[in-house]
Amino acid sequence: MSVRTRFAPSPTGYMHIGGMRTALFCWLWARRNRGQFILRIDDTDQQRNIDAALGPILDAFRWLGLDWDEGPEVGGPYAPYFQSQRRASYDAALKKLLDAGRAYRDFETPEETQAQREAAEKEKRVYISSRASLSLSNDEVLQRIAEGRAFVVRLLVPRGDKVVIDDHVRGRVEWDCSLMPDPVVARSDGSPLYNFATVVDDAALEITHVIRAEEHLPNTPIQVLLHRALGNKTPEWAHIPYVASPGGKEKMSKRKIDKYRTNPQFQKLFELGDQVLSRIGIDPRSDALSPVMVAYYQQVGFLPAGVLNALVRLGWSLDDQAEFFSLEDMEQKFTLERVIKSAAGLDPDKLLSFQAHWMSQLPASEKLDGCLPFLKKAGLIDDEADPSTRDRVASVIELAGDRLRVFGDIFQLDEFFVVDEDLKIDDKNFQKRVVKPENAIDLLRDLQKRFSNLTDFVAGPIHDLLQGFSAEKQVKVGDVFPALRLCVTGKAQGADLFKSLELLGRECVVRRMDRAIGLAESQRV
RNA sequence: GGCCCCAUCGUCUAGUUAGGUCUAGGACAUCGGAUUUUCAUUCCGGUAACAGGGGUUCAAAUCCCCUUGGGGUCACCA
C-alpha cells in the first residue's frame with residue numbers, strides 16, 4: 001500500500017511558518033516513498049469566505065513548490081477535500097457508533113458538565129464523565145429526543161483499557177483510558193467535532209501516516225479510540241516538534257509578534273524586513289504580515305530554497321555535517337527516524353545564512369527576474385522595463401555581488417535608480433568626510449575636472465586616475481575615496497567604487513559631484 | 001493542578017536505539033587575524049555544551065531511578 005500523508009489546515013487567512021514546516025515533512029515523507037500528499041481543508045467552522053481565507057495558504061505551497069496530489073483545485077478520487085462538504089460521511093459514522101453502542105447520547109447540559117468538572121478540580125480528583133444518560137432506557141432516550149431535549153454524542157471510552165502507540169518520532173507513548181472523559185463527537189446540532197471528523201476523513205482518505213505537530217499528541221488517544229470503535233485500521237503516527245520562537249521554547253505564535261520585535265535574535269530579520277517592506281508600500285508594523293507568516297519571506301525577497309532549507313533543518317538533520325539541502329536532496333534523504341524530539345526555535349540568523357547561500361547559487365537571469373518586481377513596486381523603474389533598463393538592473397545586481405542576500409537588498413543600491421534630486425546623502429558621514437576636511441572640496445573639484453577629461457570612463461582607467469591623483473596630491477586614498485563615494489552614491493560604503501562610477505556614467509558622476517560640492521560649500525559658511 | 005512530551009555550546013544540531021574510537025564533531029552567531037579602496041564576500045584561528053543527584057558497569061553524554069527546569073494540552077475550537 002502506498003504511503004499517503006495529509007496536511008489539514010483550517011482556512012485562517014495566512015500560512016504559519018511552523019505549519020509550513022509540518023507540511024514540508026508530510027510532503028517529504030510522501031514524496032520520498034513515492035506516495036501521495038493530500039491537502040484537506042478543515043473548515044468545519046463554516047467560515048463566511050473560505051476562498052479568501054484559503055488563498056494565502058495555497059499561495060504559500062505554490063511559492064515553495066510543494067504540490068499536492070489531491071485537494072483543493074486539483075480534486076482527486078476521494079473528493080471532496082473540504083470537511084464542510086463531507087457531512088454525510090460524518091453522519092453515517094455517527095450512526096454506526098451509536099448503533100454499535102460505542103457512543104451515547106448525553107443529555108447533560110453544558111452547565112452541568114462544567115459544574116462536575118469544577119467540582120472534580122476542587123476536590124483534586126480526575127474528572128471523568130458522569131455517564132448519567134447511560135442509565136436511561138431506550139424508551140426514555142427516545143422520549144427525550146421526542147421532547148426535543150438537546151444532547152451531544154459522546155464516545156464511550158473503554159475505561160480500564162490503555163491506548164498505546166508506537167510513534168515514529170517519540171516511540172512508545174501510552175495513556176490510561178480510565179483517566180479520560182468521554183469526548184464529544186457530535187454537537188447538539190449534530191455537527192462533528194474536530195477529532196471525529198479527522199478520524200472519519202483520515203480513514204476515508206486512506207491516510208497511512210499522520211504526521212503533525214506535537215501539540216496534537218493529547219488528541220491522539222481519542223483518535224485511536226475512535227478508529228477502533230469505527231473498526232478502522234489506525235494510521236501510523238509521527239508527532240514532530242513544533243517550531244518555537246527564537247531563543248525560546250514556546251510555540252511561535254502570531255499574537256506574540258510584538259514580543260518578538262524586542263527579541264535580540266530577531267533584530268536582523270526585522271531590520272531587513274522593515275527596510276524592504278516600507279519601500280514596497282507595506283506597513284512593516286501591520287498585523288497583516290509578520291515573520292510568523294510564510295508570505296513575509298516572500299514579500300521581503302527570500303528564495304523558496306532558503307526558507308525550505310531553514311525549515312528542514314529545524315528538527316531534522318541528515319548527519320553531523322550536511323547543512324545545505326535543495327528540495328530534491330530533501331526528497332531523497334528525508335526520513336522520519338531522524339526527526340528530533342525536542343522543540344526547535346527558529347533561528348533568523350541561520351535562515352538568513354541559508355538564504356544568502358542559495359542566492360549566491362542563483363543564476364544571474366533569475367536574480368534579475370527576482371529583483372525587477374521589487375524595483376517596480378518601489379517605483380524605481382517603470383512597470384514595463386525596457387531592455388536597457390533590464391541591462392542596467394542586471395549590471396547593478398552583478399555589482400552588488402554577495403551583498404544581495406534577498407531580492408529586497410537591491411534597495412541598498414538605489415543610487416543607481418534614483419534621479420539626482422532624490423539622492424539622499426548620509427549627512428553624518430558627509431560632514432565628516434566632505435564638509436569638515438579643509439582640502440576636500442578642492443580635491444573633489446580637481447577630480448571632477450579630471451573625470452571630465454578622462455578618455456574612457458570605465459573602471460580600470462578610473463582606478464588608475466584615482467590612484468595617481470592621490471599620489472600626486474600626497475593624500476591618502478582614505479581621504480579621497482569615501483568623500484567621492486558620498487558625493488555620488490550618498491552612502492559611506494557600498495559596492496566597488498570604480499565600477500559604481502562606471503555604471504553611473506560620467507555625466508551623472510559629474511552632476512552629482514557638482515551638487516554635493518555646492519551642498520558642502522553652503523554648509524561651510 | 002491532571003495527563004503527556006522534552007532536556008548536548010548563545011542558537012540549530014551530530015553522538016543516545018546496539019555503553020568504550022567523545023580530552024564531545026559540524027553549522028549559524030560571536031571574538032581575533034589575513035585579503036580588499038569602503039562594506040560585503042572569502043580564508044585562517046579562538047571562546048563556548050553533556051541540567052543536578054543517585055545507581056548499574058572495568059567503563060555512561062549514551063542504560064535505570066529521582067529531582068529540577070522547560071513545553072504542550074486539558075471546549076458542544078481546530
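Reminder, nothing fancy here: chain letters follow the sequence lines and each chain counts from 1.
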Tell me the interatomic distance from A/Lys499, atom NZ, to B/C39, atom C1', rounded to whole angstroms. 15 Å
Picking from B/C6, B/U38, B/G71, the nucleotide nearest the side-chain atoms of A/Asp496 would be B/U38
Which value, in whole Å, describes the distance between the C1' atoms of nucleotides B/A14 and B/G52? 24 Å
Mind checking if A/Glu323 touches a base, just sugar-phosphate, or nothing, with heavy atoms under 4.0 Å? base
Look at A/Lys251 and B/U73 and indicate whether a side-chain polar atom (N or O) is within less than 4.0 Å of OP1 or OP2. yes
Which value, in whole Å, describes the distance between the P atoms of nucleotides B/A49 and B/G25? 11 Å
Nearest nucleotide by nearest heavy atom, which residue falls closer to the 5' end of RNA chain B, A/Asp349 or A/Pro482? A/Asp349
Within the 3.5 Å criterion, strictly below it, is a donor on A/Arg485 or A/Thr489 matched to an acceptor on the partner's side chain? no
Closest to the A/Ser353 side chain: B/C28, B/U13, B/C39? B/C28
Touch check for A/Gly248, heavy atoms < 4.0 angstrom, all strands: base, sugar-phosphate only, or nothing? nothing
Output the single nucleotide from B/C28, B/U37, B/G72 whose closest atom is nearest the side chain of A/Lys350. B/C28
Mind checking A/His239 for me? I need base, sugar-phosphate or nothing, with any heavy atom below 4.0 Å counting as a touch. nothing
What does A/Pro110 touch in the nucleic acid at a heavy-atom separation under 4.0 angstrom: a base, only the sugar-phosphate, or nothing? base
Tested for ring-ring contact (aromatic ring centres under 6.0 Å, His included) against A/Phe325, the lone hit among A/Phe334, A/Trp316, A/Trp358 is A/Trp316
Using a cut-off of 4.0 Å on non-hydrogen atoms, how would the nucleic acid contact of A/Ile340 be classed: base, sugar-phosphate, or nothing? sugar-phosphate
How far, in whole Å, is B/A24 from B/G69 if one measures between their P atoms? 30 Å
Consider the side chain of A/Glu250, meaning its heavy atoms from C-beta on, and name the nucleotide among B/G71, B/A29, B/U73 that approaches it most closely. B/G71
A/Leu399 atom CG is separated from B/U37 atom C1', nearest whole Å, by 14 Å
Among the nucleotides B/C76, B/U37, B/A14, whichever has the atom closest to the side chain of A/Asp320 is B/A14
Polar contact flag, side-chain donor to acceptor under 3.5 angstrom, A/Glu108-A/Ser130: yes
Under a 4.0 Å threshold between the charged nitrogen and the carboxylate oxygen, would A/Lys95 count as salt-bridged to A/Asp91? no
Considering every strand and a 4.0 Å limit on heavy-atom distances, what is the contact class for A/Phe498: base, sugar-phosphate, or nothing? base
Write down the distance between OH (A/Tyr242) and P (B/U73), rounded to a whole number of angstrom. 8 Å
Can you tell me how far C1' in B/G10 sits from the matching atom in B/A48, rounded to whole Å? 9 Å
Quick check for you: among B/C12, B/A78, B/A27, whose closest atom lies nearest to any side-chain atom of A/Arg313? B/C12
When you get a sec, tell me which of B/U38, B/A78, B/G71 is the closest nucleotide to the side chain of A/Gln493? B/U38
Pairing of A/Lys491 and A/Asp414 as salt bridge, 4.0 angstrom limit: yes
Ring centres of A/His209 and A/His168 under 6.0 Å apart? yes
Nearest-Å distance, CG (A/Asp319) to P (B/G26)? 13 Å
With sugar-phosphate meaning primed atoms plus P, OP1 and OP2, does A/Gly401 contact a base, only sugar-phosphate, or nothing at under 4.0 Å between heavy atoms? nothing
Rounded to whole angstrom units, what separation is found between the CD atom of A/Glu121 and the C1' atom of B/C3? 13 Å
From the candidates B/A40, B/C77, B/G15, the one with an atom nearest any side-chain atom of A/Arg338 is B/G15
Sugar-phosphate only, base, or nothing, as touched by A/Ala213 at under 4.0 Å among non-hydrogen atoms: nothing
Considering every strand and a 4.0 Å limit on heavy-atom distances, what is the contact class for A/Arg117: base, sugar-phosphate, or nothing? sugar-phosphate
Please report the distance separating the C1' of B/C28 from the corresponding atom of B/C9, rounded so that it comes out in whole Å. 12 Å
Before accepting this row, confirm whether a basic side-chain N of the pair A/Asp42/A/Arg40 lies closer than 4.0 Å to the acidic partner's carboxylate O. yes
What is the pairing partner of B/U30, taking Watson-Crick or G-U wobble pairs with both distances under 3.5 Å in any strand? B/G46
Mind listing the residues from residues 168-191 of chain A sitting with a heavy atom below 4.0 Å of RNA chain B? Number order is fine. A/Arg170, A/Val173, A/Glu174, A/Trp175, A/Leu179, A/Val184, A/Arg187, A/Ser188
Could you check A/Gly478 against A/Ala343 and say which one's nearest nucleotide on RNA chain B is further toward the 5' end? A/Ala343
Does this structure show an ion pair linking A/Glu112 with A/Arg117, if we count only N-O contacts that are shorter than 4.0 Å? no
Within this structure, what is the NZ-to-P distance between A/Lys432 and B/U38, rounded to whole angstrom? 14 Å
Using Watson-Crick or G-U wobble geometry with both distances below 3.5 Å, tell me the partner of B/U73, or none. B/G2
Between B/C12, B/A40, B/U37, which nucleotide gets closest to the side-chain atoms of A/Asp402? B/A40
Please determine whether any donor N or O and acceptor N or O are separated by less than 3.5 Å between the side chain of A/Asn219 and the base of B/A78. yes
P atoms of B/G45 and B/G26, separation to the nearest Å: 11 Å
My understanding is that a pair needs two contacts under 3.5 Å, Watson-Crick or G-U wobble. By that rule, which nucleotide pairs with B/U62? none
Please tell me whether A/Gln83 and A/Asp43 have a donor and an acceptor in their side chains that are separated by less than 3.5 angstrom. no
Same-atom distance (C1') from B/U35 to B/G71, integer angstrom: 47 Å
Length of the CD-C1' vector between A/Gln265 and B/C9, whole Å: 13 Å
Where the side chain of A/Gln321 is concerned, which of B/G26, B/U37, B/U13 is the nearest nucleotide? B/G26
Pairwise C1' distance, B/U36 and B/A61 [rounded to whole Å]: 44 Å
Using a 4.0 Å heavy-atom cut-off, does A/Leu314 contact any base of the nucleic acid, only the sugar-phosphate backbone, or nothing at all? sugar-phosphate
Between the side chains of A/Arg338 and A/Asp319, is the shortest nitrogen-to-carboxylate-oxygen separation below 4.0 Å, so that they form an ion pair? no
Can you find a side-chain donor-acceptor pair between A/Asp182 and A/Tyr104 that sits under 3.5 Å? yes
Using both distances under 3.5 Å as the test, list the Watson-Crick or G-U wobble partner of B/U37, or none. none
B/C6 C1' sits how many Å from A/Glu214 CD, rounded? 7 Å
Before accepting this row, confirm whether a basic side-chain N of the pair A/Asp409/A/Arg403 lies closer than 4.0 Å to the acidic partner's carboxylate O. no
